[in-house]
Every structure is written in C-alpha cells, then in structure tokens.
Amino acid sequence: MTQPNRRRLVLALLISTLSISIVFSSPAIAAESPGAPESPAPFFTGAPDAAAFQVGAEAELQAARDALSRMLAVTGKRTIENTLIPYNEIMLHADNAAYGSHLMESVHPDSTFRARAEELTQRASKFLDDLSLNRPVYDALVEIDTKKADPPTRYFVTKTLQDFRLSGVDKDEATRKMISTLLEDLTKTGQDFSRNIRSDSRTIQVDGVADLAGLPEDFIKSHAPGANGKITLSIENPDYFPIIRYAQNSEVRRRLMYEDLNRGYPANMAVLDSLIAKRYRLARILGYPTWADYVTVDKMIGSSKNASDFIDRLRETTFRRAQDEYALYLKRKREDDPAATQVGKWEMAYYGRLIRKRDYDFDPQEARAYFRFDLVKQGLLDVTSKMFGLTYKRMENAAVWDPSVDAYEVFEGSKLLGRFYLDLHPRAGKFNHAAKFTIRQGVAGVQVPEHALVCNFPGGKAGDPGLMEHSDVETFFHEFGHLIHAILGGQGQWEPVSGTATQRDFVEAPSQMLEEWVWDPKVLQTFARHYQTEQPIPLPLVDKMKRADAFGRALNTATQAYYAAISLNIYNTTPDRVNTDAVVADLEPKFTPVPRMDSTHMQTSFGHLDGYSAVYYTYMWSLVIAKDMFSRFNRENLLDPTVAREYRDYVLAPGGSKPARELVKGFLKRDYDFKAFDSWLAGKD
Ligand SMILES: [Zn+2]
C-alpha cells in the first residue's frame with residue numbers, strides 16, 4: 001500500500017509495502033560511532049516518546065530545508081556535486097521524516113503518539129509536495145550537465161525532471177498554488193480514509209460455543225464466552241478467516257462478512273467521493289483528461305487505455321472458467337440443500353474448503369499443524385539468507401515501539417546492508433492488513449535501509465503455538481519479498497530511486513515471485529514441522545495442497561480483475577458520473593458469477609483506492625512478470641544461490657535506477673511475456 005497522491009514517496013507496500021521513518025539519527029547525530037559512517041543508529045534508538053519523536057522528525061525536516069538552501073545558493077555552473085547531491089540530501093531527510101511518521105501513525109500502541117505522527121506526516125508531505133512544485137529547484141536540476149555521468153545518475157536525473165513536470169512545476173504560480181493546496185488536502189483526505197478503516201474494528205456476538213462448530217479447537221479455546229455468555233468475533237483477520245472458512249453455521253459467516261464488507265461505512269463514502277473529486281481536479285489542472293490517464297503515464301503500462309485492455313484480457317481469460325468453478329460450488333451446496341439456486345459470498349470459502357477436502361483430499365487444518373509461527377519465521381529467514389547469501393542477526397534489546405516487535409540487522413560477510421523490524425501480530429489501533437513499511441531508504445555511505453513488516457498473524461501470545469494457515473505463510477513470504485528488494489536495492493547513491501522505489505506496477509513482482517517458495521516441498525520441509533510431533537510436512541500433503549490450490553484459481557483471478565476494474569473505473573471518468581455503489585454493483589456481475597451481497601459497501605474499506613488509486617491492476621500485471629521470472633529458477637532446487645544471485649544482480653540490486661522492463665530483460669535475456677501466467681491460470685502449474 002502506498003501513498004498515491006505523491007509521486008516520489010511510496011509510503012508502504014500492502015500486502016505489500018509502506019512506510020517511512022524517522023529519526024533520531026540523522027547521520028550527523030549518529031556520529032557517536034565515528035568508525036561506522038555507513039551505519040547510523042537504528043531509527044528508533046532511545047525509544048522516543050511522542051515529544052522526542054517529534055523533535056527527531058523536525059530535525060530531519062530542518063536538515064532538508066538546510067540542504068535546500070545550500071542547493072539554491074549555488075552560483076555559477078550547476079554540477080552533480082553542487083546541485084544533485086544536495087537535492088538527494090533534501091529528499092533523504094524529508095523522506096526520513098515522512099516515512100518514520102507514517103509508520104508510527106500506523107503502528108504505535110499509544111493513540112496520542114499516533115495522532116502526533118499523523119500531523120508530522122502531514123508536515124513532511126507538505127514539504128515534499130511543495131518541493132515538487134519548486135521552480136528554482138527544477139531549473140537548477142535542468143542545468144546539470146550529465147553527459148559524463150554514469151547510467152544510474154543519468155536515469156535518476158531524467159526521471160526526476162519527468163516527475164517534476166508531472167507534478168506541474170512548469171505551471172504558472174497561481175496554478176502551482178492551487179496544486180499545492182489540493183495535494184495538502186489529498187494527504188489529509190487519504191489519512192481520513194485509512195483511519196476510518198483502521199478504527200472501525202467491528203465485532204458480532206454469537207450465542208455460544210455451538211455457533212463455533214467446525215472451528216479449530218485452539219480457536220474455540222481462545223474465544224471463551226463473556227460475562228453475558230456470548231462469544232465475540234471480530235472482523236480482524238485472525239477471527240475473520242477461520243470463521244468464513246470453517247464455521248458450520250452459515251448465518252455466523254454471513255453476519256461477520258456483512259460487517260467486514262461494511263467496514264468504514266458510511267464514514268468513508270463521502271471521503272472516497274472527495275478523493276475522487278480532488279484527484280480529478282488535480283489531473284485536469286495538470287492537463288490530463290482523467291486521474292487514471294495521469295497516474296498511468298509513468299507506469300510500465302503507459303496509459304489508462306492499456307490498463308483497461310489488460311483488465312479486459314483478464315476478464316476474458318477467466319470468465320468461462322470462473323463460471324465452471326462456480327457450478328461446482330453450487331453442486332456441492334446442493335448436497336446440503338437440494339433447493340439451492342445460488343452460493344452466497346459468505347459460503348464460497350466454506351464450500352471451497354469442503355470441495356478441496358473431498359475432491360482433492362486436502363484439509364487446510366492438517367497443513368496448519370505444520371505451520372507454527374516461530375518455525376515459519378525462522379524458516380523464512382533461513383531460506384532467504386541461503387538464497388541471497390545473507391546473515392540476519394537479531395538485535396538484542398533493540399529499541400522498538402512495542403515489546404512484541406523484533407529487530408534484525410542484515411549482513412553480507414561483515415558488511416551491514418540494512419535493518420528490519422518484524423511487527424507481526426494484531427494489536428488495538430494497529431494497521432490491520434499486511435504491508436512492508438519503509439523507514440529509511442538506503443543510500444550508500446549515508447544510511448542503511450531500514451524497513452518494517454507490519455502484519456497480523458496468529459501467535460505471539462503465551463501458550464498459543466500460533467498455527468498459521470498456508471495462506472498466512474504465503475503472505476509472510478510475499479511481504480518479505482518486498483523487504484529483501486528494499487534492502488538489496490537500497491545500496492545505491494540516489495535516495496529517491498532506492499529499493500522498491502521502482503515503477504509502481506512492477507513493485508509486486510518480486511514479492512509475488514517469492515510466494516512460489518511456499519509451494520515447494522523441499523523448501524517447506526526445511527521449516528514446516530508438526531507442532532506436536534516435530535515431523536516434517538509429508539510430501540503427499542504438499543502435493544495435495546498444490547492440486548487443491550489450482551481449484552478456484554479462475555474465480556480468484558476474476559475477483560482480482562474485478563477489484564482492478566473498480567479501481568480504474570472510479571478514476572477514469574468525471575466525478576459527477578461516479579457513484580461508487582453503482583460502479584461496484586455494475587462491475588461485479590461482469591467479472592464474477594458469485595452474487596452480490598446486498599447493502600454492503602466494500603469500497604469503503606478498500607484501502608488501495610487511496611494508496612494505489614486507479615492502478616490496482618498492478619498486482620496482476622506484476623504477477624504476469626513474476627510468473628515469467630520464476631520460470632528461470634531451477635524447480636529441483638529453489639535454494640540454489642546461482643540463479644538467485646543473477647536475479648539479485650539484475651532485478652533487485654538496481655532498485656529504481658532503471659526502467660523495470662530493462663531489469664526484467666536483463667534477467668530473462670528477453671522481453672517478458674504472458675506464457676507462464678496463462679499456463680498457471682489454466683491450472684497447469
Ligand atoms: Zn505486495
């Protein structure tokens with residue numbers, strides 16, 4: 001998930017990433033360790049309270065302002081040394097302030113701290129937005145002679161100038177003022193949208209244990225009835241997914257899903273309308289017909305029309321197969337209810353599981369027993385350290401925002417490459433999906449990359465083995481794919497194109513590719529051991545799991561295409577023609593045979609409509625590339641570091657210092673294509 005309203009600053013990648021961070025240790029302050037100029041203190045050093053955190057963020061913004069003054073004060077010939085380097089410093093410090101605040105507003109356990117962090121995010125965003133419209137800065141950058149510079153530097157300058165023009169820097173002053181006001185508004189509106197989702201944590205109550213029939217024993221044990229004898233169930237993931245998959249009582253599933261699909265309603269209806277209207281206005285001022293036209297222009301896909309064609313292609317490839325799959329759901333339901341004429345949305349996960357159990361002999365509970373949280377976590381660390389030749393060292397007694405958070409340093413040999421924080425279990429007021437948050441982008445010789453994974457997995461409580469669904473394990477690998485991209489790509493010179501700051505519709509390729517590792521029997525056997533018997537996961541079980549996974553693939557892909565269509569269609573026209581309820585209702589039957597659930601408003605909790613705005617197609621676009629890149633790996637030995645090394649060198653290490661198409665071509669030795677994706681969609685993989 002990212003902050004869409006600013007071009008340069010991707011705050012977080014959701015089931016994917018987001019963040020920025022702050023600090024205390026601007027490199028100057030961290031000079032207490034004089035021998036290690038490349039490793040300033042970790043960003044949360046000293047475990048600051050809200051006031052101290054603010055001081056740190058303000059120091060970063062001041063450092064950004066100082067670099068700006070230095071850059072503008074130069075007289076005479078503009079060079080990389082006297083202009084581009086100070087510009088890089090401006091971005092580094094302002095981004096540090098923005099990223100750190102954004103992380104804190106999403107994770108800090110204290111609501112006062114979170115509120116303070118929101119204000120700091122606004123200030124940092126305002127600084128960055130103003131910078132993007134600062135004509136003297138743009139003019140100075142234009143004057144730099146880059147003929148003799150290395151290719152990453154030339155690309156960085158070209159891309160930066162393009163970003164400035166897309167921001168409207170070449171408009172007259174009155175127009176730039178209007179843009180600036182709109183951007184400021186958009187930051188706040190986006191925060192309202194996220195906050196309304198975060199804080200609307202709904203629950204339902206059920207009468208007693210009988211209503212939990214079908215649920216795993218550990219779930220029932222951790223959901224004891226309250227004083228009134230009723231059991232409370234929440235729409236947060238650790239309750240939501242088990243309920244919709246396992247609860248025999250259909251009404252319990254329906255009630256919980258209804259609340260989930262109304263999260264953020266009604267508050268976010270108006271907020272979303274406002275986001276749509278403001279973005280449209282901004283796009284018009286900048287000379288584009290719609291926001292979707294504007295926001296796709298610097299992506300791999302290149303235009304709103306191409307995005308629409310891509311979504312159509314997905315619809316055409318999945319439509320018939322999705323109907324066939326749905327017919328199997330209905331057939332299965334009729335065994336319970338011969339008069340049934342349709343399968344409700346709240347019945348899909350439940351019957352999907354039953355079909356997989358009987359027809360594919362796969363029971364996710366059987367697999368779940370092999371995915372104990374702490375073993376999965378260690379396994380993921382071992383797998384990726386082996387693939388990429390890295391060592392992760394846990395930072396004992398590291399300062400963190402919550403005691404449940406773990407911090408690690410990443411080394412290659414004796415060289416510190418970066419740090420990461422794992423905040424992996426639910427907590428009140430915490431961001432409730434899964435994302436990689438940036439804290440600091442790496443800049444060689446100045447600061448190492450620091451990133452956080454913010455997820456909501458089972459476990460973390462005394463006496464709870466934290467048994468994960470296989471889909472949780474997949475999410476964990478996905479987010480870690482972003483993390484490793486950010487760290488390995490965060491070793492260059494230019495902060496704004498560091499790590500995952502690559503073309504937005506490529507960002508989900510490395511993360512989705514790493515998901516492949518959780519389907520490999522040899523990889524799984526390195527860490528998936530039964531939580532009671534310690535036996536490694538049996539190969540036949542992995543086999544069954546893979547076959548079962550292919551069932552429902554067309555429906556799932558069709559659903560993703562439907563989400564992508566919502567995202568594009570609310571932004572590719574004039575706002576007066578957009579009624580978000582109508583868009584959602586009109587599109588759904590065009591993509592999926594599953595009937596709509598009345599009186600629900602999924603768009604009010606679809607956080608990506610802010611972060612990704614019109615470009616949610618990104619996930620599927622990146623998946624096409626991920627499937628193709630994966631085809632180069634040796635499936636007999638996914639832990640072999642040879643191909644992983646090439647992948648690291650060609651795709652991850654350059655970060656955003658080249659167009660994504662070139663990164664992929666370097667690795668594949670050809671342009672990517674749809675073959676591997678189409679074959680996967682046809683269930684051949
Ligand atoms: Zn992602």
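Note that ligands are numbered from 1 as they come in the structure, with each ligand's atoms numbered from 1 the same way.
The atom name of the N/O/S atom in H482 closest to the Zn ion (ligand 1) is NE2. Taking the Zn ion (ligand 1) as reference, H478 places its N/O/S atom NE2 nearest.
In this structure, H470 and F371 have tilted ring planes: the angle between them lies in the 30° to 60° band.
E474 meets the salt bridge (Lys or Arg N to Asp or Glu O under 4.0 Å) test with no other residue; sequence neighbours excluded. Every residue two or more places apart in sequence or in another chain was checked for a salt bridge (Lys or Arg N to Asp or Glu O under 4.0 Å) with D260, and none qualifies.
Taking backbone and side chain together, E508 holds an N, O or S atom under 2.8 Å from the Zn ion (ligand 1).
No close placement of the Y619 and Y563 rings is indicated, their centers lying 6.0 Å or farther apart.
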